[in-house]
Amino acid sequence: QVQLEESGGGLVQAGGSLRLSCAASGRTFSTYGMGWFRQAPGKEREFVAAFSWSSGNTAYADSVKGRFTISRDNAKNTVSLQMNSLKPEDTAVYYCALSPRIGVRARPGEYDCWGQGTQVTVSS
């Protein structure tokens with residue numbers, strides 16, 4: 001059984017940066033897809049970025065393209081989300097998730113393992 005744990009959230013001013021990490025225990029990422037999603041109060045969970053462990057391909061939501069970068073660390077069995085040029089509208093709880101399907105996946109329903117979430121707050 002895989003467990004995911006996010007870390008790195010916090011409070012930052014607009015224009016600042018944060019780096020989120022997602023650590024997996026119980027199994028390796030090697031054959032899975034990995035994604036980051038976020039959910040703001042009163043809104044649905046939305047796709048942020050995804051990574052395919054097998055191909056190395058990535059995908060990003062238009063709202064974060066050019067500002068966020070998803071990457072992996074094989075040795076540590078972690079996936080990170082570097083967030084630069086943060087905006088107040090990036091404020092949300094950020095979740096990492098694991099998909100049993102190969103390739104980059106952008107829909108929450110394609111993921112079957114989720115972390116508990118980490119709060120990111122961007123002040124104006």
Side-chain angles (χ1 to χ4, degrees):
Q1 184 177 355
V2 181
Q3 289 185 323
L4 303 176
E5 183 172 5
E6 304 95 339
S7 61
L11 173 64
V12 65
Q13 287 188 333
S17 299
L18 282 174
R19 186 177 182 88
L20 305 183
S21 291
C22 179
S25 60
R27 205 165 184 177
T28 65
F29 285 135
S30 62
T31 60
Y32 292 78
M34 187 74 194
W36 285 96
F37 292 78
R38 66 187 182 187
Q39 188 166 18
K43 295 187 177 181
E44 294 187 352
R45 191 167 297 188
E46 65 173 0
F47 170 72
V48 175
F51 176 85
S52 170
W53 214 262
S54 58
S55 67
N57 291 336
T58 58
Y60 297 91
D62 288 343
S63 59
V64 306
K65 202 170 292 183
R67 299 189 297 123
F68 291 12
T69 303
I70 188 171
S71 61
R72 68 182 179 185
D73 184 329
N74 288 349
K76 297 181 180 179
N77 211 30
T78 62
V79 173
S80 297
L81 184 69
Q82 178 66 41
M83 306 185 295
N84 298 328
S85 302
L86 283 162
K87 304 175 182 180
E89 51 264 43
D90 294 319
T91 295
V93 177
Y94 283 70
Y95 299 89
C96 67
L98 208 59
S99 173
R101 303 182 184 184
I102 295 174
V104 290
R105 302 290 171 176
R107 293 180 294 180
E110 296 179 296
Y111 292 78
D112 63 359
C113 182
W114 293 82
Q116 82 289 349
T118 185
Q119 177 70 47
V120 171
T121 303
V122 184
S123 62
S124 57

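We count residues from 1, following the sequence as given.
Clustering of Ile, Leu, Val, Met, Phe, Trp and Tyr by side-chain heavy atoms under 4.5 Å joins Y95 with F37, F47, V93, Y111, W114.
Separating the OG1 atom in T118 from the OH atom in Y94 is a distance of 10.5 Å, to the nearest 0.5 Å. The OG atom of S80 sits 13.5 Å away from atom CZ of F68, with the distance rounded to the nearest 0.5 Å.
Note on V104 and Y60: separate hydrophobic clusters, where clusters join Ile, Leu, Val, Met, Phe, Trp and Tyr whose side-chain heavy atoms are under 4.5 Å apart, directly or indirectly. Each of L11 and L81 belongs to its own hydrophobic cluster when Ile, Leu, Val, Met, Phe, Trp and Tyr are linked at side-chain heavy-atom distances under 4.5 angstrom.
Contact record, W36 with V79: CZ2-O, 3.7 Å, taken as the closest heavy-atom pair. Heavy-atom minimum distance, A92 versus A40: CB-N, 3.8 Å. A pairwise comparison of heavy atoms in M34 and A97 identifies SD-O, 3.3 Å as the closest pair. The shortest heavy-atom contact between T78 and W53 is O-CH2, 3.9 Å.
The disulfide (SG to SG under 2.5 Å) pairs that include a residue from residues 82-124 are C22-C96, where partners are two or more places apart or lie in different chains. Evaluation of the disulfide (SG to SG under 2.5 Å) test over residues 39-87, restricted to residues two or more places apart or in two chains, returns none. Annotation: salt bridge (charged side-chain N to carboxylate O under 4.0 Å, His left out) contacts involving residues 114-124, sequence neighbours excluded, are absent. Residue pairs satisfying the salt bridge (charged side-chain N to carboxylate O under 4.0 Å, His left out) criterion with at least one member in residues 32-44, sequence neighbours excluded, are listed as follows: R38-E46, R38-D90. Pairs passing the salt bridge (charged side-chain N to carboxylate O under 4.0 Å, His left out) check and including a residue from residues 103-124, sequence neighbours excluded, read R101-E110, R105-E110, R107-E110. Residues in residues 50-66 take part in these salt bridge (charged side-chain N to carboxylate O under 4.0 Å, His left out) pairs, two or more places apart or across chains: D62-K65.
Residues E6 and L20 form no side-chain contact, since every pair of their non-hydrogen atoms from C-beta on lies 4.5 Å or further apart. Under the 4.5 Å side-chain criterion, counting only non-hydrogen atoms from C-beta, R67 is in contact with K87.
In terms of the side chain to side chain donor-acceptor pair (under 3.5 Å) criterion, E89 has no residue partners (sequence neighbours excluded). Under the side chain to side chain donor-acceptor pair (under 3.5 Å) criterion, T121 pairs with Q119, not counting sequence neighbours. With sequence neighbours left out, the side chain to side chain contact (heavy atoms under 4.5 Å, CB included) criterion links S17 to Q82, N84. Shown here are the side chain to side chain donor-acceptor pair (under 3.5 Å) partners of S52, two or more places apart in sequence or in another chain: S54, S55.
T91 contributes a side-chain N or O that, together with a main-chain N or O of V122, makes up a donor-acceptor pair within less than 3.5 Å. A donor-acceptor contact shorter than 3.5 Å is absent between the side chain of S99 and the backbone of G33.
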